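Quick notes on the structure that follows.
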Amino acid sequence: MLIFAGLGNPGSRYAGNRHNIGFMALDEIARVHRASPWRSRFQAQASEATIGAEKVVLLKPQTYMNESGRSIGEAARFFKVEPADVIVFHDELDLAPAKLRIKLGGGNAGHNGLRSTTAAIGNDYRRVRMGIGHPGLKELVHAYVLNDFGKAEQNWVEDLCTACADNAALLAAHDDAGFQNKVHLFMDARGHGAVKRLGEKTQD
């Protein structure tokens with residue numbers, strides 16, 4: 001049993017926000033893998049799917065970003081899932097738009113959803129870092145992540161979510177390097193290899 005958790009804020013007001021790219025990825029994974037209908041469970045919208053050879057619980061916490069760990073922790077305890085079997089999809093300011101990296105553990109880089117998750121289940125879970133770029137100044141970050149993706153960004157957002165869904169079986173099989181490589185190749189093939197944003201940070 002694995003848990004795929006997307007981070008975001010609930011409700012239509014936030015649906016298109018950069019901060020909600022984790023929800024967007026989960027929606028596409030659920031669609032591609034014919035998951036069960038979403039239902040309220042674990043303070044989240046929850047669904048189940050078989051991805052590759054694994055049974056996966058899909059989770060979109062409805063607690064607002066800062067309290068994401070309450071939902072993820074509740075589900076992890078219920079299913080007796082180890083942190084390494086929890087995969088969290090989230091927006092990443094310190095990656096260029098359309099880039100993706102995976103890491104196990106590490107710092108939270110000021111991301112309140114990650115901070116809450118770490119407080120709930122410890123630090124040794126897997127993070128799918130979905131790059132959204134950086135607005136350039138710290139004081140601009142709050143408004144930036146809580147604004148919708150622009151029209152010019154929609155293509156790469158959709159393609160990145162598609163790549164996550166199409167290659168999710170590699171994640172389920174703990175082949176994180178293979179997953180990251182397949183996503184990278186797909187995004188390059190779709191012409192997103194050179195996506196840049198003025199003032200962005202590009203630390204991997």
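What you see is a predicted model, and the numbers here were worked out from it, not measured in a lab.
Among the candidates V183, N181, D188, the single residue satisfying the side chain to side chain contact (heavy atoms under 4.5 Å, CB included) test with L185 is N181. Y125 pairs in a side chain to side chain donor-acceptor pair (under 3.5 Å) with only one of the listed residues (T118, D85, T117), which is T118.
Within 6.0 Å of the NZ atom in K103, the count of heavy atoms belonging to other residues, nucleotides or ligands exceeds 12. Within a 6.0 Å sphere centred on CD of Q154, other residues, nucleotides and ligands contribute more than 12 heavy atoms. Taking a 6.0 Å sphere around CZ of R115, one finds it holds more than 12 heavy atoms contributed by other residues, nucleotides or ligands.
Taking the centre and axis of the six-membered ring of F89, the NZ or CZ atom of R127 falls outside the cone set by 45° and 6.0 Å.
The residues E92 and R101 are annotated as not salt-bridged, no charged nitrogen and carboxylate oxygen being separated by less than 4.0 angstrom. The pair R18-D91 does not count as a salt bridge, with every side-chain nitrogen at least 4.0 angstrom from each carboxylate oxygen. The existence of a salt bridge linking D27 and K60 is confirmed by a sub-4.0 Å separation between a basic side-chain nitrogen and an acidic carboxylate oxygen.
Ring to ring, H19 and H111 are close: their centroids are under 6.0 angstrom apart.
A donor-acceptor distance shorter than 3.5 angstrom exists from the side chain of E153 to the backbone of G150, with no hydrogens or angles considered.
Closest approach of G6 and F23 over heavy atoms only: O-CE1, 3.3 Å. Between F179 and C164, the shortest heavy-atom contact is CE1-O, 3.6 Å.
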